[in-house]
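Here is the structure we will look at.
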Number of protein chains: 2
Amino acid sequence: MIAMKNLTKAYKSMGDEVQALRGVSLNIDKGESVAVMGQSGSGKSTLLSILGGLNPPTSGSVEVDGIDVYALSQEKRADFRREYLGFVFQQFQLIPYLTALENVMLPLTTIKKSNREKREIAGSVLCRVGLAGKMNRLPNQLSGGEQERVAIARAIVNEPPVLLADEPTGSLDTKTGDEIMALFQRLNQDGLTVLMVTHNPENTRYMSRTIIMKDGQLCTDKAELLQ
Amino acid sequence: MIAMKNLTKAYKSMGDEVQALRGVSLNIDKGESVAVMGQSGSGKSTLLSILGGLNPPTSGSVEVDGIDVYALSQEKRADFRREYLGFVFQQFQLIPYLTALENVMLPLTTIKKSNREKREIAGSVLCRVGLAGKMNRLPNQLSGGEQERVAIARAIVNEPPVLLADEPTGSLDTKTGDEIMALFQRLNQDGLTVLMVTHNPENTRYMSRTIIMKDGQLCTDKAELLQ
Ligand SMILES: Nc1ncnc2c1ncn2[C@@H]1O[C@H](COP(=O)(O)OP(=O)(O)OP(=O)(O)O)[C@@H](O)[C@H]1O
Ligand SMILES: Nc1ncnc2c1ncn2[C@@H]1O[C@H](COP(=O)(O)OP(=O)(O)OP(=O)(O)O)[C@@H](O)[C@H]1O
Ligand SMILES: [Mg+2]
Ligand SMILES: [Mg+2]
């Protein structure tokens, strides 16, 4: 489903070059759920944003369902993202002047359904993440973990084939976090392919595979893997 | 050191009223380090922001070192915050157009030292949190966990007597998170009073006491406390 070949990414920052990814190759089959772990700064968010068509690699390629993501034009890449990907960002990226419900309705804009139907779909996903009474609030009227759950609802509302999630339980208490992981597991059993960055080793038991990043590369050090 | 009496907080949100805190009383002695846990939405950030002089309670009072925080004028309250508190926000709140170093220098503005001395102080704190090579970057040129560590550095740079931290290791991998907790523990041993919201039970072993919030109140349910 997803094929990454020799991905590198260098960020230029004041005359200095940061090698965020130093050659990453990885294949993910349809229906897999992969946890990505690794130290702060090891390149996890960079990997996810490249996979999500949001960040062109310095070299290497990404294919999703046979589509060479960075061979597409900017507009075609936006269409591709809308059709294939749900994305939970590390800092949520909610639109501050839209309510929770309106934020979750955003991915439904190109779908041929009535506004009322879209509100019902978005509303039911918000219920699934435990935000039933809070749909009409603005992001700054919600707690950190509530904002995170709005971001999760938005990522899954149009049932994309692939979910890319950057620490989706980082702001949640254990109980609420487990509920979200159980939800992801159910969606995965229904066919959703999941790639999820997480710092919480407890989350890996909901996933079919765990990979570890270290200094911009996939870590194949057995000792590290067993830690 | 810190005395909270009967704190309540109601947020008005479209004709609806949200009871975020329903009567919280708590005393914290100088030199204690208290972990605050509880479900998403239970009122932890609200409690911290009220304690930090940033959010007037609907009723009740907060005394820090004998000072009635909300009896002060807005300006005196700003002085009080600068002098007494280090605050790590749940969403970091870094100034986007200032570098990591400049962000960390902000609490030093009222201190009578040369600019060069202030840069050295801020620089050494950034080293302590592992960001030695990254001081001149802007926040958007840093990873999530690196931004979090800039926020932590900024909160401790002028050695305040009280540190209020809202999930300061939420975006960090286990190893980096443990380094930060060990740093807080050392600062606590040197006299820093700490109140820290955390979702990670692992962090409580670095703290002298753990309290649990539930639906806007302190939970005294033995079953919950032993979970
Ligand atoms: N400005 C606001 N207007 C209305 N309700 C609010 C506002 N800010 C917070 N709330 C509500 O107050 C309650 C407590 O929020 P708070 O941010 O203190 O929770 P929290 O314990 O920090 O949660 P989390 O673990 O998710 O960060 C929540 O139900 C939240 O929805
Ligand atoms: N725009 C940028 N300019 C310069 N360097 C950057 C930029 N964005 C990220 N970096 C650097 O690239 C490296 C990888 O960053 P990335 O955000 O992928 O890490 P991460 O594994 O997600 O970390 P975390 O767990 O802290 O979120 C880091 O060293 C970071 O400082
Ligand atoms: Mg990241
Ligand atoms: Mg909070």
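As the structure is a prediction and not an experimental result, all values here were calculated from the model. Residue numbers begin at 1 in each chain, while the letters A, B, ... track the order of the sequences.
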What part of B:Q39 is in contact with chain A, defined as an atom under 4.5 angstrom from a non-hydrogen atom: side chain, backbone, both or neither?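 Looking at B:Q39, backbone and side chain both touch chain A.
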Option in B:D166, B:D16, B:V18 with maximal non-hydrogen atom pairs under 4.5 Å from chain A: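 Top option by heavy-atom pairs under 4.5 Å: B:V18.
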Heavy atom to heavy atom, less than 4.5 Å: which residues from [range] reach chain B?
| range | result |
| --- | --- |
| residues 119-137 of chain A | A:N136, A:R137 |
| residues 194-205 of chain A | A:H199, A:P201 |
| residues 140-153 of chain A | A:Q141, A:S143, A:G144, A:G145, A:E146, A:Q147, A:R149 |

Residue A:S45 versus chain B: region with a heavy atom under 4.5 Å: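 A:S45 has no heavy atom closer than 4.5 Å to chain B.
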Where is the tightest heavy-atom contact between B:D173 and A:S40, given as atom of each residue plus distance?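 Where B:D173 meets A:S40 most closely, the heavy atoms are OD1-N, 2.6 Å.
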Max heavy-atom pair count under 4.5 Å with chain B, selected residue of A:L172, A:T176, A:T46, A:T169: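 Most heavy-atom pairs within the cutoff with chain B belong to A:L172.
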I'd like to know whether CD of B:Q74 has more than 12 heavy-atom contacts from other residues, nucleotides or ligands below 6.0 angstrom.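 Count not over threshold, so no.
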Going by the rule ring-ring contact (aromatic ring centres under 6.0 Å, His included), which residues pair with B:Y84 if we only count those two or more places apart in sequence or in a different chain?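 For B:Y84 the ring-ring contact (aromatic ring centres under 6.0 Å, His included) partners, ignoring immediate neighbours, are B:F80.
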